[in-house]
Undergrad: 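The structure's right below; bear with me while I get my questions together.
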Amino acid sequence: MFQKLFLSALAIASIANAATNVCNETSITANVQSDLDNLSGCTTFGGDIILSPTLSTATINGIQNISGSLICNNNTQITSISAPLLRSIGGTFQLSQLTILNTLSFPRLSSVGTIDWVTLPAVSGLSFTTGVTSCQDITISDTDLTSLTGINLTTVSKLDINNNLNLNDIEMGLTEATYQVDISFNGQTAVSFPYLQWAYNLTFQNVHSVDTPVLSVVNASYLLIKNVFSSISAPNLTTVGGLSIDENLSLTNMSFPKLTTIGGSGLQISNNTRLSSIGGFPNLSTVNGAIVLDGDFTNATFPSLTLVRGAVNIDSDDDFDCSSFNSLNSNGGIRGNDYKCAAASTTTSVALSATAAASSGATGGSVTSGSGTSSASSAATVKSAASPNLVATSTGFTLSALLTAVFFGIF
Ligand SMILES: *[C@@H]1O[C@H](CO)[C@@H](O)[C@H](O)[C@H]1NC(C)=O
Ligand SMILES: *[C@@H]1O[C@H](CO)[C@@H](O)[C@H](O)[C@H]1NC(C)=O
Ligand SMILES: *[C@@H]1O[C@H](CO)[C@@H](O)[C@H](O)[C@H]1NC(C)=O
Ligand SMILES: *[C@@H]1O[C@H](CO)[C@@H](O)[C@H](O)[C@H]1NC(C)=O
Ligand SMILES: *[C@@H]1O[C@H](CO)[C@@H](O)[C@H](O)[C@H]1NC(C)=O
Ligand SMILES: *[C@@H]1O[C@H](CO)[C@@H](O)[C@H](O)[C@H]1NC(C)=O
Ligand SMILES: *[C@@H]1O[C@H](CO)[C@@H](O)[C@H](O)[C@H]1NC(C)=O
Ligand SMILES: *[C@@H]1O[C@H](CO)[C@@H](O)[C@H](O)[C@H]1NC(C)=O
Ligand SMILES: *[C@@H]1O[C@H](CO)[C@@H](O)[C@H](O)[C@H]1NC(C)=O
Ligand SMILES: *[C@@H]1O[C@H](CO)[C@@H](O)[C@H](O)[C@H]1NC(C)=O
Ligand SMILES: *[C@@H]1O[C@H](CO)[C@@H](O)[C@H](O)[C@H]1NC(C)=O
Ligand SMILES: CC(=O)N[C@H]1CO[C@H](CO)[C@@H](O)[C@@H]1O
C-alpha cells in the first residue's frame, strides 16, 4: 500500500519535471512542426532551437523569449519561418543558405543578441511589426532585401551589410557604432545615419550617397572605396584615425570642413579619376601617419596642414605643382622617412633618413625637375626606386593591410 503510493508520487513528480524541463533543454532540433508545438507551453525557452533541413515551414507558437539561439541553415525547401509571440532571442538569429525562404514573420521581435543572415536570396522584406531595436552585431549578406525596415538600432557593435543587390536604402537611428560599420557592394544604396556621432571603424563601398550630418569621430579608419557618388561630405567630422578615398570614379568634390586631425593610419586619396582638384580640407592641420595622393589631379590644397608625422608620397599623372609640399618639407613639416612628389611636369624626391637614402639609391636626396614625356619617365623611375621604402613606412602598409582585410571579410 505504502509502496504503491510512493511510486505513483514519483511518477507524478517525474511527469511534472518532464513538462518543465522541456523548456530548459540546452538545445532542441525540430524535424517536424510538432517538435516545435511541444514547446508551445514555454513562455521562455532556455536553450537553442535548431530548425532542421527537413522542415518546409516553421511556426514557433507560444514562446516569447528564447534564451539561446534560433538557427536554420542549409535548407532548400523552407519557405516561411514565423514566431507570432516571440519578443527576444538572447543568442544568435542565424539563417544561412535558405534558397526559397520568402517569409520571415516576427511581429513582436524587438531584441536579438546577434543577427547573422547569409544567402537568403528570396527574402525581400521583413515582417517585423514591432521592430528590432536592440542587437549587438549584425551581418546581412546576399539577400534580396530592398530595405532594412524592421531593424532600427541606436547602438551597434558591428553592422556588416554586403552583397544585397536590391538594397537601395539604409537608414538607421544609430548614434554610435562601437566596433565596425561596413556597407559594401549592395544595390544603388543611399546610406543615411542622421544621428551617428561616432563610429570606431567605417567602410563604404559601392554606395550612391552617404549622409552623416553629425558624425564627429571615426576612431580607427574611414574607408570610402569604389563608390558611385560625385561628392562626399562629413560636415561635423573633426577626427579620424585614417581616411582613405580610393577609386570613386565619379567623385568631383569633397568636403571635410571641420576635420583637423588624421591619426596614425594616415590619409590616402587615390585613383578618383574625375577628381582633378583635391580640396575640401580647410582645417586639416595634423596627420599622424602618412599621406598618399595618387591619380590624375592638378591641384591638392591643404591650407592649414603643418605637420605630417609619416611619409608623403604624391604621384600625379597630370600637371601638378609640388611647391606647397616642397615648402612643408623644407619647413620640417614632414617627419616620415620619405617625401616624394612626382608629376607629369615635376618630380621631387627626398629621402629623409639614412636608411631611406641608402635603399632608394641614386634618387635619394635628389630633386629632379622637367616637363613633358621625359619627366614622366623620370617620375616612373623615381617611383620604382623609392617604392620599397614607401610600402614599408607606417601608413601605406597599414592601409593596404586594412584593404586586404576588407576584401577577405567580404568574399
Ligand atoms: C528552468 O529555468 C528557469 C530559469 O533559468 C528556472 O527558474 C527553472 O527552475 C528551471 N526549471 C527546471 C525544471 O530546471
Ligand atoms: C515532441 O513530442 C513528441 C511526443 O511526445 C515526441 O515524440 C518528440 O520527440 C518531441 N520532440 C522533441 C523535439 O522533443
Ligand atoms: C551546408 O552544407 C554544406 C554541404 O552540405 C556544408 O559544407 C556546410 O558546412 C553547411 N553549412 C552550414 C552552415 O551548416
Ligand atoms: C522577454 O524579452 C523581452 C524583450 O527583450 C523582455 O522585455 C522581457 O523581459 C523578456 N522576458 C523574460 C521572461 O525574459
Ligand atoms: C529609426 O529610429 C529613429 C529614432 O532612433 C527614428 O527617428 C527614425 O525615424 C527611425 N527610422 C526608421 C526608418 O524607422
Ligand atoms: C558636432 O559634433 C560635436 C562633437 O564633436 C557635437 O557636440 C555637436 O553637437 C555636433 N554638431 C551637430 C550640428 O550635430
Ligand atoms: C571613439 O571615439 C568616441 C568619441 O570620441 C569615444 O567616446 C570612444 O570612447 C572612442 N572609442 C575608442 C575605442 O577609442
Ligand atoms: C562641394 O560640396 C560642398 C558640400 O557638400 C558644397 O557646398 C559645394 O557647393 C560643392 N562644390 C561643388 C563645386 O560642387
Ligand atoms: C592607382 O592605380 C594605379 C593604376 O591602376 C595603381 O598602380 C596604383 O597602385 C593605384 N594607387 C593606389 C594608391 O591604389
Ligand atoms: C586649387 O583648388 C582650390 C580649391 O578648389 C582653388 O581655390 C585654387 O585656385 C586651385 N589652385 C590652382 C593652382 O588651380
Ligand atoms: C576596420 O574594419 C575592417 C573591415 O571593414 C577590418 O578588417 C579592420 O580590422 C578594422 N580595423 C580596426 C582597427 O579594427
Ligand atoms: C558612376 C561611377 O563612376 N561609378 C564607379 C565608381 O567606382 C567603381 C569602381 O571604382 C566603378 O565600378 C563604378 O562604375
Side-chain angles (χ1 to χ4, degrees), residues 14-15 17-42 45-55 58-63 66 68 70-72 109-111 125-135 138 145-159 161 167-181 189-202 211-222 234 236-243 258-265 288:
S14 86
I15 288 163
N17 237 351
T20 328
N21 268 337
V22 75
C23 302
N24 286 30
E25 294 278 350
T26 53
S27 168
I28 73 116
T29 297
N31 297 307
V32 290
Q33 177 61 38
S34 61
D35 292 338
L36 291 171
D37 296 339
N38 290 1
L39 309 178
S40 61
C42 306
F45 180 75
D48 300 333
I49 297 179
I50 297 158
L51 306 178
S52 92
T54 54
L55 288 163
T59 304
I60 299 165
N61 284 308
I63 300 177
I66 296 173
L70 175 60
I71 296 170
C72 185
L109 189 62
S110 66
S111 172
L126 305 172
S127 299
F128 286 16
T129 320
T130 299
V132 172
T133 51
S134 168
C135 188
I138 296 187
L145 286 172
T146 56
S147 82
L148 297 181
T149 301
I151 303 175
N152 189 2
L153 311 177
T154 55
T155 69
V156 75
S157 172
K158 179 174 112 169
L159 180 65
I161 311 291
L167 187 53
N168 294 340
D169 283 296
I170 295 179
E171 193 199 331
M172 247 185 224
L174 283 181
T175 59
E176 57 183 41
T178 58
Y179 175 57
Q180 179 193 334
V181 172
T189 315
V191 178
S192 177
F193 294 132
Y195 310 110
L196 184 61
Q197 287 162 11
W198 65 272
Y200 183 72
N201 192 351
L202 201 52
D211 181 34
T212 53
V214 304
L215 180 66
S216 78
V217 173
V218 178
N219 316 62
S221 291
Y222 188 6
N236 202 32
L237 187 64
T238 56
T239 309
V240 295
L243 178 61
K258 293 191 185 169
L259 186 60
T260 55
T261 310
I262 295 179
S265 295
N288 288 320

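Atom set for the values below is all heavy atoms of this structure, side chains included, hydrogens, waters and symmetry mates excluded. Nothing here was measured: the structure is a model prediction, and the numbers come from that model. Every number for a ligand or one of its atoms is a count from 1 in the order of the listing.
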Undergrad: Does an N or O from Tyr200, backbone or side chain, lie closer than 3.5 Å to an N or O of ligand 7?
TA: no

Undergrad: Would you please test Asn31 and Ser52 for side chain to side chain donor-acceptor pair (under 3.5 Å) and show each step?
TA: CA-CA 5 Å; Asn31 297 307; Ser52 92; 3.1 Å; yes

Undergrad: Are there protein heavy-atom neighbours of atom 5 (O) of ligand 2 below 4.0 Å?
TA: no

Undergrad: So which heavy atom in the protein is nearest atom 2 (O) of ligand 5, and how far is it from that ligand atom?
TA: Asn152 ND2, 2.3 Å

Undergrad: Can an N or O of Asp35 be found at a distance shorter than 3.5 Å from an N or O of ligand 2?
TA: yes

Undergrad: Any side-chain to backbone donor/acceptor pair from Thr238 onto Ser216? Under 3.5 Å, distance only.
TA: yes

Undergrad: List ligand 7 atoms under 4.0 Å from Val217, heavy atoms only on the residue side.
TA: 2 (O), 5 (O)

Undergrad: Counting both backbone and side chain atoms, is some N or O of Asn38 under 3.5 Å from an N or O of ligand 2?
TA: yes

Undergrad: State, with a plain yes or no, whether a side-chain heavy atom of Tyr200 is found less than 4.5 Å away from one of Thr178.
TA: no

Undergrad: Main chain of Gly47, side chain of Glu25: is a donor-acceptor contact present, judged purely on distance under 3.5 Å?
TA: no

Undergrad: How about Ile138 and Val132: do any of their side-chain heavy atoms sit closer than 4.5 Å?
TA: no

Undergrad: Identify, for atom 7 (O) of ligand 5, the protein heavy atom at the shortest distance, and state residue, atom and that distance.
TA: Tyr195 OH, 3.5 Å

Undergrad: Taking the side chain as C-beta and beyond, is there a heavy-atom pair between Leu196 and Val181 under 4.5 Å?
TA: no

Undergrad: Without swapping roles, check the side chain of Ser265 against the backbone of Ala220 for a donor-acceptor pair under 3.5 Å.
TA: no

Undergrad: How far is atom 14 (O) of ligand 7 from the closest protein heavy atom, and which atom is that?
TA: Asn219 ND2, 3.1 Å

Undergrad: Measure from atom 11 (N) of ligand 5 to the protein's non-hydrogen atoms and state whether any distance is below 4.0 Å.
TA: yes

Undergrad: Could you check atom 3 (C) of ligand 7 against the protein and tell me its nearest heavy-atom contact, residue, atom and distance included?
TA: Trp198 CD2, 3.4 Å

